[in-house]
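This report refers to the structure that appears directly beneath it.
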Protein chains: 2
Amino acid sequence: MTLNHHSNTVCLCPLDGIIETIGKKWALLLVNEIGNHDSLRYNNLLKELKGISPSTLASMLKELQKEDIIFREAFNEIPPRVEYTLTKRGKELRIAIIPLLKWATKKGNFKIHCNCSLLKK
Amino acid sequence: MTLNHHSNTVCLCPLDGIIETIGKKWALLLVNEIGNHDSLRYNNLLKELKGISPSTLASMLKELQKEDIIFREAFNEIPPRVEYTLTKRGKELRIAIIPLLKWATKKGNFKIHCNCSLLKK
DNA sequence: CAGCATCCTGTGCGATACTG
DNA sequence: CAGTATCGCACAGGATGCTG
C-alpha cells in the first residue's frame, strides 16, 4: 500500500502497514477482549472469542505483539501459564477507535442499539 | 464476526460488518482520495490510487456505495461521465478515523513524520 | 496449558482483454 | 469513458491432531 504526502489534505500515511493488522477479522476484538479483562490467558481467549481457531489466535497474538499492542508474559510453571495484557500503546488504540465506533452506530436513519458505557459519554 | 454486548465494558458491536469493508486494503485510501478532491471520476481514481486494478476499484466502489459512504452520479453524455463523491456519512467517516491516524503516528519511541494538516491541530 | 504443524477452502486483489 | 469478464496467485483463517 502506497500512501502520499499532501500538506493541504488528509493523508493516510500513518496507517501504512498498521491497517493490514488492525483491519483483520479478529484484531480489534482481541484487543478489546484483553482490554476488558486487564489480563487473559490463551485458552480464555479461545473461549471468549467464540469461533476463533487456535492457529488463527496464535498468529494474531504474535502479530499484535510485534506491533507492540499486546504484551505476553510467560510464567515458568507446570502446567505453563501465559498472561496477555495490553501495552500502553494497546490501551491508547482502544481509545482511538471510539470515534469510529460512534460513527458506525449511526447507520442511515436508525441508530444501532448498544450498551457500551464509553459510547454514552 | 460475533460481537457481544456488555454494559460495563467496551464492545465492538457497532463495528460488526463494517470492519470487513473499512479494513480492506483500498477502502480508506479511496474514501480519503475522493474526500480530498470533493469529486472524482473512475479513471482519475485509477491513476491517483497507484497500483489498484480496474476490477478491484470497481468492486470497492460498489461496496462503499452499498455502505452509504460514497455516492455515484452518472451523467447521460457521450462519452459517459460518472462522478464519485462522499456522502454525509462518508465525510463523517473521514473525520472519525483521525484519532486512529494520530495513534498510528506514535510508534514506539519515534514519531512518524507526516505533513497532514489535520494531524497538527 | 499453550501453542505448532498440516491441510484445506474462500476470497481479496492484481493483470489483462474486452464491451456498451 | 466506465466499467465487466476471466484467470491466477497469495494469504486469511477454519479444522484437526500433535507436542513440550
Side-chain angles (χ1 to χ4, degrees), chain A residues 1-3 12 15-31 33-34 37 39-67 69-85, chain B residues 1-3 12 15-31 33-34 37 39-67 69-85:
Chain A
M1 194 186 322
T2 308
L3 298 156
L12 299 177
L15 282 175
D16 197 4
I18 199 67
I19 262 286
E20 275 85 4
T21 297
I22 295 308
K24 282 184 184 165
K25 184 175 177 183
W26 296 100
L28 289 180
L29 266 59
L30 197 43
V31 168
E33 198 61 41
I34 297 177
H37 289 79
S39 161
L40 273 178
R41 302 171 63 173
Y42 183 87
N43 274 325
N44 291 130
L45 286 166
L46 218 47
K47 285 168 209 154
E48 298 276 350
L49 301 175
K50 295 183 202 310
I52 198 172
S53 70
S55 46
T56 303
L57 176 56
S59 74
M60 275 310 308
L61 286 170
K62 270 189 187 167
E63 196 169 342
L64 291 174
Q65 284 169 64
K66 221 181 63 186
E67 293 297 337
I69 289 170
I70 65 176
F71 175 68
R72 191 195 116 116
E73 188 176 13
F75 299 88
N76 249 343
E77 304 173 0
I78 295 182
R81 181 165 61 102
V82 176
E83 303 264 4
Y84 291 97
T85 53
Chain B
M1 195 185 321
T2 309
L3 297 156
L12 301 177
L15 282 176
D16 198 4
I18 198 67
I19 261 286
E20 275 85 6
T21 297
I22 295 308
K24 279 183 185 165
K25 184 176 177 182
W26 295 100
L28 290 180
L29 266 59
L30 197 42
V31 168
E33 197 62 41
I34 297 176
H37 290 78
S39 161
L40 273 177
R41 302 171 64 173
Y42 184 87
N43 274 325
N44 291 129
L45 285 166
L46 219 46
K47 285 167 208 153
E48 298 275 350
L49 300 175
K50 296 184 202 309
I52 198 171
S53 70
S55 46
T56 303
L57 177 57
S59 74
M60 274 311 309
L61 286 170
K62 273 187 186 166
E63 196 169 343
L64 291 174
Q65 283 169 67
K66 220 181 64 186
E67 294 296 337
I69 289 169
I70 66 176
F71 175 69
R72 190 194 115 115
E73 188 175 13
F75 300 87
N76 249 343
E77 304 175 358
I78 294 183
R81 181 164 61 101
V82 176
E83 303 264 5
Y84 291 97
T85 53

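Residue numbers start from 1 in every chain, and the chains themselves are labelled A, B, ... in the order their sequence lines are given, proteins ahead of strands.
The phosphate of C:dG12 has neither OP1 nor OP2 within less than 4.0 Å of any side-chain N or O from B:W26. Of the side-chain N and O atoms in A:R41, none sit less than 4.0 angstrom from OP1 or OP2 of C:dC1. B:Y84 has a side-chain polar atom (N or O) that falls below the 4.0 Å cut-off from OP1 or OP2 of D:dG3. Here A:S53 does not reach the OP1 or OP2 of D:dG13: none of its side-chain N or O atoms lies under 4.0 Å away. Distances shorter than 4.0 Å separate none of the side-chain N or O atoms of A:R81 from OP1 or OP2 on C:dA2.
Between the side chain of A:E33 and the backbone N or O of A:L29, no donor-acceptor pair lies under 3.5 Å. With A:Y42 contributing its side chain and A:Y84 its backbone, the two residues share no donor-acceptor pair below 3.5 Å.
Within 4.0 Å (heavy atoms only), B:F75 reaches no atom of the nucleic acid at all.
Atom CE in B:M60 sits roughly 15 Å away from atom C1' in C:dG14 (whole-Å rounding). Protein atom CD1 of A:I52 is 16 Å distant from nucleotide atom C1' of D:dT16, rounded to whole Å. Summarising the geometry, the separation between CG on A:L57 and C1' on D:dG13 is reported as 12 Å, rounded to the nearest angstrom. Rounded to whole Å, the distance from CG on B:N44 to C1' on D:dG3 is 14 Å. Across the protein-nucleic acid pair, B:L46 atom CG and C:dC13 atom P stand 15 Å apart, rounded to whole Å. Atom P of nucleotide D:dA2 and atom CD of B:E73 are separated by 13 Å, given to the nearest angstrom. In this entry the distance linking CG of B:L61 with C1' of D:dC1 reads 14 Å, nearest Å. To the nearest angstrom, P of C:dG14 lies 4 Å from NZ of B:K25.
Of all heavy-atom pairs spanning B:K50 and B:W26, the tightest one is O-CH2, 3.5 Å. Between B:E83 and B:R81 the shortest heavy-atom distance is OE2-NH1, 3.0 Å. Contact detail for A:L45 and A:L30: the closest heavy-atom pair is CD2-CD1, 3.7 Å. What you find for A:P80 and A:R41 is that their closest heavy atoms are O-NH2, 3.8 Å.
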Are any protein N/O atoms closer than 3.5 Å to N/O atoms in nucleotides 4-11 of chain C? If there are, list each pair with its distance.
unit_1: C:dC4; atom_1: OP1; unit_2: A:K62; atom_2: NZ; d: 3.2

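Considering CG of A:L64 and CD1 of A:I22, their distance stands at 6.5 Å, rounded to 0.5 Å.
If you check C:dC13, C:dG3, C:dC1 against the side chain of A:P79, the one that comes closest is C:dC1.
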